[in-house]
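Single-structure report; data block below.
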Amino acid sequence: MIKAVRGTRDLLPPETALWNFVESAVRDVFRAYNFQEIRTPVFEDTALFSRSVGEETDIVSKEMYTWDDRGQVPKILADAVTPEDSARYSYQSLTLRPENTAGVVRAYIEHDLWQKGLSKLYYIGPQFRRERPQKGRYRQFYQIGAEVIGPASAGSESPARDAEVLEMLATLLDRLGITDWNLELNSVGCPNDRTAFNEALRKALEPVKDKMCADCQRRTVTNPLRVFDCKVPEDQPIIEKLPRISQFLDEPCRAHFEAVQAILKSVGVQFVLNDRLVRGLDYYTRTAFEFTHGALGAQNAILGGGRYDGLSESLGGPAAPGIGFAIGEDRLVMSLKESAEGVLRKPDVYIAPLGPGMNAEAARLARELRRHDLVVELGDESFRLKKSFEAATKAGAKYILIVGENEVKADAFALKDLAKGEQVSVPRAELAQRIQGAR
RNA sequence: GUGGGAAUAGCUCAACUGGCAGAGCACCGGACUGUGGCUCCGACGGUUGCGGGUUCGAUUCCCGUUUCCCACCCCA
């Protein structure tokens with residue numbers, strides 16, 4: 001038997017109702033903040049991701065689904081592509097998107113969206129990373145994300161954008177009934193700050209690294225920032241004494257970060273500062289954040305994001321500061337209190353044709369009722385009435401409508417409330433109103 | 001990619017030291033030919049994840065493999 005491949009899964013009803021519940025809440029909330037939907041391709045030129053996410057990140061170095069395809073390096077990327085790149089991509093290398101920010105920024109550049117001032121875009125869709133699967137981590141997973149990007153003159157660089165995005169996320173989670181979230185906030189500064197900080201960190205680690213765990217010794221060389229992620233208890237006293245990024249922020253970055261916090265306080269969004277929070281993707285600058293939720297095990301990050309002021313330029317586009325986030329939809333659905341059954345819309349009425357020739361009449365009635373925005377399930381004239389009742393009950397229908405010879409003659413139909421057990425005869429013309437009234 | 005645990009009916013799980021592969025729920029039918037839920041009766045349902053090995057005999061022991069789960073790495 002052929003099965004869904006490792007790390008992928010089918011989303012079946014009724015669980016899909018939960019996903020729709022989430023997505024329609026997302027569309028509602030985002031609309032109030034004037035975000036509009038963008039849909040970008042599921043695969044892109046490989047160079048897009050290595051340039052933006054970062055060649056040295058885990059995502060690019062070992063988690064991408066990449067293959068060679070016939071084609072050429074697209075013009076839009078030509079300026080950003082080095083000679084070594086074009087040799088490497090003589091057959092165009094394509095990659096299933098491991099995240100969606102790069103694609104959105106690519107589209108922003110390609111369609112000259114800077115001309116429209118500030119762009120506020122959101123997306124919902126599958127992403128792909130070749131990681132070892134576990135709970136809340138799949139190889140095809142779904143992200144809901146949004147980006148605010150535009151010329152600085154349109155306010156894209158303002159701390160007001162950061163705060164607005166964070167407040168929107170708090171609103172969304174509350175609206176979904178997820179109340180026990182925690183917002184962790186940090187600033188990772190500008191590229192200059194990070195260079196200085198990395199320098200200082202290496203210097204501070206040099207004399208103590210021998211006392212640290214094997215992972216940390218490796219991180220000291222490859223990516224000193226990641227030492228802050230260490231969970232080994234013995235290393236904590238050492239880590240506590242290390243310099244913090246906050247001490248290295250230049251004046252504009254520090255002021256920006258403080259302004260974000262001030263607005264959050266003013267709108268009443270709770271947060272905690274976490275100067276150990278570092279983001280894994282290269283393009284992040286200044287504000288970095290994460291919303292966590294306790295019930296998710298090791299994968300406790302329900303969403304993450306931050307500012308990426310230099311990303312557009314590094315892809316050959318105009319200066320276009322931006323901030324965005326990605327919600328792990330799989331994880332979000334897992335942390336919902338709602339049950340799939342709870343958000344599922346059950347049939348308002350089950351129509352039970354009774355006896356030969358009744359299917360046609362039942363179909364007419366179904367068509368009529370569905371025009372009134374009722375959810376109608378239709379049985380079959382071959383069913384015994386008992387079977388129709390069982391089917392109606394199993395489907396969770398509110399009413400059952402019997403369509404038999406007697407009813408057709410009288411042009412009035414037996415309508416029974418399945419929960420209350422009350423049955424009445426209702427003239428055809430009043431059926432829709434009668435059923436709607438009970439909703 | 002590393003380490004550990006698990007895999008038996010559609011679902012949740014049993015099966016003693018290696019000896020006929022079972023139960024509950026679900027599904028289908030009947031008791032009841034125009035009235036469901038409750039009850040009773042019956043039927044259906046299996047390559048014990050897959051492949052090999054040991055054995056008279058393997059769901060059980062061994063090896064390999066796949067997938068899921070837990071943790072690491074990392075991230076959403």
Side-chain angles (χ1 to χ4, degrees), chain A residues 1-9 12 53-54 56-63 97-101 124-145 169 213-216 218-219 222-223 225-226 229-232 277-281 284 289-293 296-306 324-335 350 352-355 358 379 381-397 399-407 413-423:
Chain A
M1 187 178 55
I2 298 174
K3 295 189 289 190
V5 306
R6 178 170 211 199
T8 70
R9 58 180 178 153
L12 305 170
V53 175
E56 301 306 318
T57 60
D58 281 10
I59 291 176
V60 171
S61 65
K62 56 188 193 198
E63 295 175 0
R97 63 187 186 196
E99 56 97 50
N100 216 330
T101 298
I124 299 175
Q127 318 292 337
F128 307 85
R129 292 182 200 172
R130 200 181 179 291
E131 293 182 276
R132 183 95 164 235
Q134 53 181 281
K135 197 171 213 54
R137 165 177 295 169
Y138 304 95
R139 289 180 168 189
Q140 174 174 336
F141 61 104
Y142 293 82
Q143 284 189 335
I144 298 166
L169 286 165
C213 68
D215 279 337
C216 281
R218 182 175 48 75
R219 290 173 178 133
T222 58
N223 192 348
L225 271 179
R226 289 251 152 247
D229 281 347
C230 178
K231 283 149 199 142
V232 178
L277 176 69
V278 288
R279 309 251 72 227
L281 283 51
Y284 283 115
F289 58 87
E290 214 166 77
F291 281 73
T292 57
H293 189 267
L296 291 172
Q299 272 67 49
N300 68 345
I302 204 170
L303 71 92
F325 60 84
I327 304 170
E329 191 174 4
D330 307 75
R331 294 180 187 178
L332 184 63
V333 168
M334 272 194 290
S335 54
Y350 181 100
L354 185 64
M358 289 298 130
E381 64 185 28
S382 68
F383 294 174
R384 292 170 43 209
L385 192 57
K386 172 188 162 65
K387 181 167 168 174
S388 289
F389 265 84
E390 285 170 349
T393 304
K394 198 191 303 177
Y399 289 103
I400 186 168
L401 180 68
I402 299 168
V403 182
E405 261 181 72
N406 302 341
E407 282 78 5
F413 299 82
L415 183 71
K416 184 169 184 178
D417 184 316
L418 283 164
K420 292 184 187 154
E422 292 164 4
Q423 182 169 327

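Sequence lines set the chain letters: A, B, ... in the order given, protein chains first and strands last, and positions in each chain run from 1. Just so it is clear, the structure is predicted and the values come from calculations on it, not from any experiment.
- Scored by the salt bridge (Lys or Arg N to Asp or Glu O under 4.0 Å) test, A/E290 finds A/R279 as partners (sequence neighbours excluded).
- Within the nucleic acid shown, A/L303 comes within 4.0 Å of sugar-phosphate atoms alone, with no base atom in reach, counting heavy atoms only.
- Among the protein residues, A/G305 comes within range of no part of the nucleic acid, since none of its heavy atoms lies under 4.0 Å from any strand.
- Summarising the geometry, the separation between NZ on A/K135 and C1' on B/rC70 is reported as 11 Å, rounded to the nearest angstrom.
- Taking atom CD1 on A/I59 and atom P on B/rC74, their separation rounds to 12 Å, with Å as the unit.
- A/R9 comes within 4.0 angstrom of nothing in the nucleic acid, heavy atoms only.
- Within 4.0 Å (heavy atoms only), A/A397 reaches no atom of the nucleic acid at all.
- Nucleotides B/rC63 and B/rU54, compared at atom P, are 15 Å apart to the nearest Å.
- For the pair A/Y284 OH and B/rC74 P, the interatomic distance rounds to 16 Å; values are reported in whole Å.
- Here A/R139 pairs with nothing under the salt bridge (Lys or Arg N to Asp or Glu O under 4.0 Å) rule; sequence neighbours left out.
- Annotation: side chain of A/R9 is not in contact with side chain of A/Q140 (no heavy-atom distance under 4.5 Å).
- Across the protein-nucleic acid pair, A/R137 atom CZ and B/rG1 atom C1' stand 12 Å apart, rounded to whole Å.
- Under the side-chain hydrogen bond (donor to acceptor under 3.5 Å, both in side chains) criterion, A/T393 pairs with no residue, sequence neighbours left out.
- A/L277 has its CG atom 13 Å from the C1' atom of B/rA76, to the nearest Å.
- Across the interface with RNA chain B, nearest-nucleotide mapping of A/R6 and A/E290 shows A/R6 to be the residue nearer the 5′ end.
- Residues passing the salt bridge (Lys or Arg N to Asp or Glu O under 4.0 Å) test with A/E390 are A/K386, sequence neighbours excluded.
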Check nucleotides 3-13 of chain B for protein N or O atoms closer than 3.5 Å to its own N or O atoms and list the pairs.
from	atom 1	to	atom 2	distance (Å)
B/rG3	O6	A/R132	NH2	3.2

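- Here the separation of B/rC20 from B/rU48, taken at their C1' atoms, is 15 Å to the nearest Å.
- Between the CD atom of A/E131 and the C1' atom of B/rC75 there is a distance of 6 Å, rounded to whole Å.
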When Watson-Crick pairs (N1 to N3 and N6-O4 or O6-N4) and G-U wobble pairs (N1-O2 and O6-N3) count only below 3.5 Å on both distances, what is the dot-bracket string of RNA chain B, with | for other-strand pairs?
(((((((..((((.....[..))))..((((.......))))......(((((..]....))))))))))))....

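- In this structure, A/G355 reaches neither bases nor backbone, as no heavy-atom distance under 4.0 Å exists between it and the strands shown.
- B/rU17 sits 41 Å from B/rC40 when the C1' atoms are compared, rounded to a whole Å.
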Counting primed atoms, P, OP1 and OP2 as sugar-phosphate and everything else as base, the B/S/- map of nucleotides 41-46 of chain B against protein heavy atoms under 4.0 Å is ------

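- Applying the ring pair (Phe, Tyr, Trp, His ring centres under 6.0 Å) criterion to A/Y142, with sequence neighbours excluded, gives A/W19.
- Every side-chain hydrogen bond (donor to acceptor under 3.5 Å, both in side chains) that A/Q127 has, sequence neighbours left out, goes to A/R97.
- Checked against ring pair (Phe, Tyr, Trp, His ring centres under 6.0 Å), A/Y350 has no partners two or more places apart in sequence or in another chain.
- No contact: A/A392 has no heavy atom under 4.0 Å from any strand.
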Per-nucleotide protein contact string for nucleotides 26-35 of chain B (B base, S sugar-phosphate only, - none; heavy atom under 4.0 Å):
-SSSS-S-BB

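- Checked against side-chain hydrogen bond (donor to acceptor under 3.5 Å, both in side chains), A/E63 has no partners two or more places apart in sequence or in another chain.
- Note on A/G396: nothing from the nucleic acid sits closer than 4.0 angstrom, heavy atoms only.
- Out of B/rC75, B/rC74, B/rC72, the shortest distance to the side chain of A/Q134 is found at B/rC72.
- Between A/I402 and A/F389, some side-chain heavy-atom pair lies under the 4.5 Å cut-off.
- Here, B/rC27 and B/rU39 have their P atoms 13 Å apart, quoted to the whole Å.
- The CD atom of A/Q143 sits 9 Å away from the C1' atom of B/rC75 (whole-angstrom rounding).
- Between the CG atom of A/D58 and the P atom of B/rC73 there is a distance of 11 Å, given to the nearest Å.
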